[in-house]
Novice: 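Sharing a structure, written as structure tokens. Questions coming.
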Amino acid sequence: MALKLDLDQQLIDSCREYTSEIADEIGKKISKNTTTSVERTVLRLLGVDGVDQHGIPLPNVIVEKVKEAGELEKGISYWFGNALLETDLSVQSLAEEISKDNVDLLNIPRRDQKEVYNYIYNLAKEKAAGIKENVEKRNELMGKYPPGPQPWLYVIVATGNIYEDVKQAKSAARQGADIVAVIRSTAQSLLDYVPYGPTTEGFGGTYATQANFKIMRDALDEVSKEEGHYVQLVNYCSGLAMPEIAAMGAIERLDMMLNDAMYGILFRDINMKRTFVDQYFSRMINAYAGVIINTGEDNYLTTADAVEEAHTVLASQFINEELGLRTGLKKEQLGLGHAFEINPDIEDSFLMEIAQAQLVRQVFPDAPLKYMPPTKYMDGDIFKGHLMDGMFNVASIMTDQSIQLLGMLTEAIHTPFLQDRALSIENAKHVFNSARALSHEITFKADGKIQKRADQVLEETAEILKEISDKGLMKSLSEGIFGDIKRPMSGGKGSDGVVKKSSEYFNPFIDVFKEELKIDAEGR
Amino acid sequence: MALKLDLDQQLIDSCREYTSEIADEIGKKISKNTTTSVERTVLRLLGVDGVDQHGIPLPNVIVEKVKEAGELEKGISYWFGNALLETDLSVQSLAEEISKDNVDLLNIPRRDQKEVYNYIYNLAKEKAAGIKENVEKRNELMGKYPPGPQPWLYVIVATGNIYEDVKQAKSAARQGADIVAVIRSTAQSLLDYVPYGPTTEGFGGTYATQANFKIMRDALDEVSKEEGHYVQLVNYCSGLAMPEIAAMGAIERLDMMLNDAMYGILFRDINMKRTFVDQYFSRMINAYAGVIINTGEDNYLTTADAVEEAHTVLASQFINEELGLRTGLKKEQLGLGHAFEINPDIEDSFLMEIAQAQLVRQVFPDAPLKYMPPTKYMDGDIFKGHLMDGMFNVASIMTDQSIQLLGMLTEAIHTPFLQDRALSIENAKHVFNSARALSHEITFKADGKIQKRADQVLEETAEILKEISDKGLMKSLSEGIFGDIKRPMSGGKGSDGVVKKSSEYFNPFIDVFKEELKIDAEGR
Amino acid sequence: MLKDDKLIKAYGDTYNDGKIQLSFTLPIQKGVEAEEAARIYCSKLGLKDIEVVHMKDLREGFTFFVVYAVADVLVNTDKINVAKIEAEEMSYYEINDYIKDKIERNLTVVGACTGSDAHTVGLDAILNMKGYDGEYGLERYPQFNTYNMGSQVPNEKLIEKAVQENADAILISQVVTQKNIHVKNLTEFVEILEAEGLRDEFILVLGGPRISHELALELGFDAGFGTGTKPNQVASYISQKVYEKFENNN
Amino acid sequence: MLKDDKLIKAYGDTYNDGKIQLSFTLPIQKGVEAEEAARIYCSKLGLKDIEVVHMKDLREGFTFFVVYAVADVLVNTDKINVAKIEAEEMSYYEINDYIKDKIERNLTVVGACTGSDAHTVGLDAILNMKGYDGEYGLERYPQFNTYNMGSQVPNEKLIEKAVQENADAILISQVVTQKNIHVKNLTEFVEILEAEGLRDEFILVLGGPRISHELALELGFDAGFGTGTKPNQVASYISQKVYEKFENNN
Ligand code: B12
Ligand code: B12
Ligand SMILES: Cc1ncc(COP(=O)(O)O)c(C=O)c1O
Ligand SMILES: Cc1ncc(COP(=O)(O)O)c(C=O)c1O
């Protein structure tokens, strides 16, 4: 990466200091609570799968029973571990028996906390080893079928039908896409469970289910092999089932996950505490599974103005970075998000885009930045749209971005047609290939518009982070600091899933991951 | 203009020294000869217009008569001037009488050379004053209706029908085009006369006629006024009637002319001597009429490879510059041509384009460079084509080009549809506006690919110019130095129109223009 | 042919040459047969002089085509009948004065993105203070009481609110049109109103990028506003329409 | 519907949804009437679900449209009949050997860009030493005598030369197709040959970016080569065709 902007390193350092304070506040909240979704995730990681006769996923059924009994504060691990020891059933059989009311977790003999812990801890270690195998498999495949150079070509499929998605994904992968994201059926974020099985009727996207993950993973593995080019798979680790999806992704070898510390709060009105607790555990799983996360700062610019609110994007990236690092994610796993969303009718808007992209690049030199395409100013003029996507690609190759979510010429019209995606891939390949070394060739003028714009955004970022660290993040969010959106501190969906931990609480996976990821006491 | 490349100024200087030698050789040839077309031009400048009963233009009729009699070596000015004095007819009446064989130029009393010269010199001065009025008119209109910032948007119309052309030109002008070129009916270059009157049946373009010039000039003047934005008009000052078209353009206030010192030789197999003599006089007229010339180096790259033959483009630009300056053209009138024609599938091809464009920009800092779009690697994929045109526009705004001939997404398919042109204007406006100051913001790495490529091209240019100056330009052309095309030194079309001047020869316009343009004895 | 002829066709570079551009994908392997398939497909649309200028292998048995052709059909410009919103566009000040002078009370509007639609930007552009493209939103108008219910509002809830506030107009935004979800959603809305005998209580205004006035009428709304709508256009319409109703009732 | 169905339609994002994209200009002032005119124009082509997604004022009374629509017609892939060049593609070496072994003499070809066409690059790509896309041109083949007459060659001159050189094949390149000039030009060429009773003396090969084999046959040529043709493909065809003629005559 070429250092083209002369940035004030002290300012960057103080941004990180403020963010560290912000993360301390959040860390306290996290350590005191667990959530229904975290507990369901424990069950999934242990191997619980399937649904009951009403189609309700077993992890929900089991956790709900314990929660209703008011006993979730100890953690599901104790109850389920205890029952495993007592019944001698396999994980899945036990789960099924519980769902059929043949075993009542709360009405069987209770073993010693220590004994259960040791047992379940070892089981967790074993299961974690399975995830590690996936990481090794990925490394092996990536070695054998190397992905293209960065910026990686990231495309979405969004038909709502996993089998139709597969066709589109394979077509794109064979044309050179490096990454395929299966867009999720709209507002799956708000489901407090994960749907089950292969699905064909999503809305504006396809449900994230473990079966769908597997179907797509297999399809992409096939193409990876045939084309000699590993194709990465992405889904959404977001919403009320955030950590469960992380677990499913770890199991099915997804490579990237949309996973933001604040997206749910801001854009889905999910309760703050719930979100912060869930993102913590989900990120730990992602960290362990070698998954690159994609944060969602681009969303801010769909409602707020990209010129005026540029600093909120950077501020949010600092927060996502800090909270991410504390869960054991390596810098190389932090796909911080930003977007090319400035009104192109503004004179020199492209210079402002370059300023922002280069700024972010230099502030987070190791992050696999995820760059989102123009959407807001796209209209029905598909020819102009294709050009705007080209300018976005030029900006990317000029500033060493890592993950390029390809813009579609039909952005303002419909979810991508097969040909739209093909034209976007062609567009990106054309620009990236013909200007491959551009970023290494140019420097920016010391007192130029680009430098000044970057300085300004960085200054405003430091200011706002200071403000947030003074006030606290939760309070700041409640006042509408990001994306012009205000959220009440204790309102929002899913608050009933937040459970205060008792002193006896344990989650064996957190312990295993902390050890393996070498997260120290302060959470770094 | 920002100096982004560190070029070897000594090398540039020696290029100009070689070119000066080259021009000396050509200068000698020019001064010894005249051509039928030069003589016809004198008549046109004096005011002769119209056609005879067979539709042959009167200038052709008259010059042909004198030539057949073997008396053209004295110059038509003497014969026509003598007849004016003798008959007391007006210029046009005399021309008509001659064509009807009522006056025989060679069989009337011959006045003293000196007397005729003085008379015709004064007449020439008067006519030249008329051209000056056009220049003033242009300056006035340009002041009142200022054209847009550079790069200027240059579009072509090519329907073959002047009235259809007018519609298309007005539509484009109202959308923001700065310049409209009426593409000429194919191979008009080879006509040894200028067609007459308004025409509606051109082939791949519309005939360049004085009436057509006027129709289009009026239409554009109307739009200029209504839109408050002066729209410049271009045509082709090329081929066997090159200087006549210059005269027509001067009379009808064209603003630019495609006018190259070697195009006719290379691409239309026109005799070398004929071409060099014709271009000399035509350029003098253009110089006097304040016309910006556009040279045709882009044509080299339609047959030769843009990577390998890049230096021939630069070498030719040096030659066009030197020959142009010697005709009194100011640097600001030298619209030297080049093109964005490197195979875009070559990695970093865009960097090579930037290198070339910036090199040319710095070598000719005052020239209103004319940048030609990708054509060779355009195919039926209009979406990719639109993107390539966008990259071309990025290259232009990044390197301060002056005149941007807009690429068309349908380049490989058909001459532009109304909508193709509109999309191209939209493309250029979008890129230029959003990256307006880009060239002022960036510098190129000292030892980077761009710098190295520019150095290489400059070195090769110096080498080839040295070779040409050693060998002589005519011999070099005969050996295929430019565009892979070989032309015999004394072959080619129109050689029969070259006439050795006698010692009594005069051309009053050359004298008037030399005085007014302050061209010294050495032709600078 | 004359330019002012009433019978028109597409124009490439010659009047009524009928030239059009198409692009599409066919589920067929790239090759000469595919090219022919594209030609047949176009000829079944009655197109002539079909030129397949580009073919691209999209893999997995799909091929993308770019085609130029002649569409030899005519549109009679004298016979174009299109429903237009019958309201004179007024400015912010004119509208407020109009309401004050002619209607002599504040108007009440209730707006929402209904169903599963979460695209609030368009509705906000019309309703929020800030407005759109230099025009203030309805909240800013002293003569309007504006309720913006935001996104994903069920039809029933919106109607409830409109009744409660005694609204003059209900404004609905629909942006997502995939699989015609909006048509389903909007039809249901009007059906509920009709079933409850409330249809004539409100002026029904629809908006969104894929909405035309024509479509709005078809679906039983009073007016439809598409891409680029400005708040004052909507306010002009509503105030004039309320006045008209008021006149009719007196 | 099944993927392996023989009846196909355009594919947007669902099998046989029929989705296509169009763009065109109409000579009508931008506005709601223009939008409706575009819709009517498309509906006269039998298109359905017509969405005018973009309208741009081109001034002077013209409007540009981008449209998405459903083309609800089917192509039966079992019934596609397309003429193909019946020659096996051979390499440079294979071709030379083939001629040496089977025909036992050199072949002679004469090529030109005829009429007013001055686009020599395509013909040169096939004929000149250098060749195209990594394949040598015919001049380079020891088994071919190649005459490239260059650009703007009148039909008569080309025929004269072919007769004089006793050519096996005549190669014509036509790039400019404006106002169907190429059709006129090529028809005339074949007519002259026929009039002079020379048609069967030569293999007639046509080439150019807008040329298809189909079109070449229609115009009375033996084969047509389009965009991206490589010299060895042409040489393969000519040598196999000459051999076939030779076989037939023996
Ligand atoms: C911003 C955006 C989002 C944001 C929305 C943020 C927000 N709070 O609104 C986010 C990121 C959340 C989002 C999410 C999704 N989006 Co979205 N989104 C867009 C985008 C980029 C811009 C829309 C916009 O804000 N336009 C600007 C406003 C000002 O324009 P407008 O809406 O047309 O409004 C004007 C007029 O139409 C009119 N108007 C509009 N409403 C009303 C109402 C009334 C009463 C009146 C009078 C006038 C009026 O006046 C306005 C001002 O002139 C478009 C693509 C595009 N470029 O258009 C996609 C787009 C609309 N989204 C799309 C999709 C599919 C989705 C998702 C379903 C994707 C997914 N699977 O997750 C989700 C789910 C959303 C949901 N449940 O509805 C598709 C819709 C396809 C279709 N035709 O069905 C689009 C076209 C993108 C695409 N090509 O896929 N999206
Ligand atoms: C280069 C070029 C020129 C050069 C030509 C230089 C030269 N010596 O050839 C110059 C600048 C002189 C030129 C001039 C003109 N051109 Co021109 N030109 C082009 C351009 C950019 C590229 C053509 C090319 O070289 N392609 C590369 C070759 C390798 O491809 P190809 O020709 O398709 O050849 C391949 C196959 O088709 C096949 N093939 C071709 N011929 C043959 C023959 C045989 C026997 C076989 C077997 C195969 C074969 O094999 C080849 C290799 O695969 C095209 C636009 C484009 N991008 O296509 C316009 C284009 C062809 N030109 C066009 C026009 C209109 C003109 C002019 C008439 C403009 C004018 N008014 O002055 C003039 C006049 C030319 C004339 N009298 O013919 C139009 C034609 C429109 C149409 N469909 O009718 C085009 C499409 C540009 C446009 N959009 O306006 N042009
Ligand atoms: C981080 C993140 N999660 C989730 C989503 C969307 O998922 P949902 O619609 O289920 O909230 C987005 C959308 O862009 C996102 O950025
Ligand atoms: C300098 C110059 N003159 C003339 C022409 C074309 O005119 P003609 O076809 O009459 O030779 C061109 C074409 O690009 C040119 O560059």
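What you see is a predicted model; the values in this text were computed from it and never measured. A note on names: the letters A, B, ... follow the listed sequences, proteins ahead of strands, and every chain is numbered from 1.
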Novice: Measuring heavy-atom distances to chain B, does Leu409(A) have an atom under 4.5 Å in its side chain, in its backbone, in both, or in neither?
Specialist: side chain
Novice: Locate the shortest heavy-atom distance separating His430(B) from Pro344(A); write the atom from each residue and the value.
Specialist: CE1-CB, 3.5 Å
Novice: Please look at Leu423(B) and chain A and tell me whether the side chain, the backbone, both or neither of the residue comes under 4.5 angstrom of a heavy atom of that chain.
Specialist: side chain
Novice: Is any side-chain heavy atom of Lys445(B) less than 4.5 Å from a side-chain heavy atom of Ile442(A)?
Specialist: no
Novice: Can you tell me how far apart CE (Met398(A)) and CE (Met398(B)) are? Round to the nearest 0.5 Å.
Specialist: 4.5 Å
Novice: Once you measure the plane-to-plane angle for Phe383(B) and His386(A), does it fall in the parallel (<30°), tilted (30-60°) or perpendicular (>60°) bin?
Specialist: perpendicular
Novice: From Phe444(A) CZ over to Leu438(B) CG, what is the distance, rounded to the nearest 0.5 angstrom?
Specialist: 8.0 Å
Novice: Which one, Ile346(B), Ile342(B), Leu351(B), leads in non-hydrogen pairs under 4.5 Å with chain A?
Specialist: Leu351(B)
Novice: Side chains of Thr443(B) and Thr443(A): is there a donor and an acceptor less than 3.5 Å apart?
Specialist: yes
Novice: Would you say that Val394(A) contacts Met391(B) through its side chain, given a criterion of any heavy-atom pair below 4.5 Å between the two side chains?
Specialist: yes
Novice: Is the closest side-chain heavy-atom distance between Glu426(B) and Asp381(A) below 4.5 Å?
Specialist: yes
Novice: Mind ranking Ala437(B), Gly390(B), Gly448(B) by heavy-atom pairs under 4.5 Å with chain A and telling me who comes out on top?
Specialist: Ala437(B)
Novice: A side-chain contact here means heavy atoms from C-beta on lying under 4.5 Å apart; do Leu387(B) and Leu387(A) qualify?
Specialist: no
Novice: May I ask you to test the Glu347(A)-Ser434(B) pair for a side-chain heavy-atom distance under 4.5 Å?
Specialist: no
Novice: Nearest heavy-atom pair of Asp348(A) and Arg436(B): which atoms, and what distance?
Specialist: OD1-N, 3.0 Å
Novice: Please confirm whether the backbone N or O of Lys449(B) pairs with a side-chain atom of Glu441(A), one donor and one acceptor, at under 3.5 Å?
Specialist: yes
Novice: What residues, two or more places apart in sequence or in another chain, satisfy ring-ring contact (aromatic ring centres under 6.0 Å, His included) together with His311(A)?
Specialist: none
Novice: Identify which part of Ile382(B) has an atom lying under 4.5 Å from any heavy atom of chain A, answering side chain, backbone, both or neither.
Specialist: side chain
Novice: Can any side-chain N or O of Asn427(A) pair as donor or acceptor with the backbone N or O of Lys384(B) at less than 3.5 Å?
Specialist: no
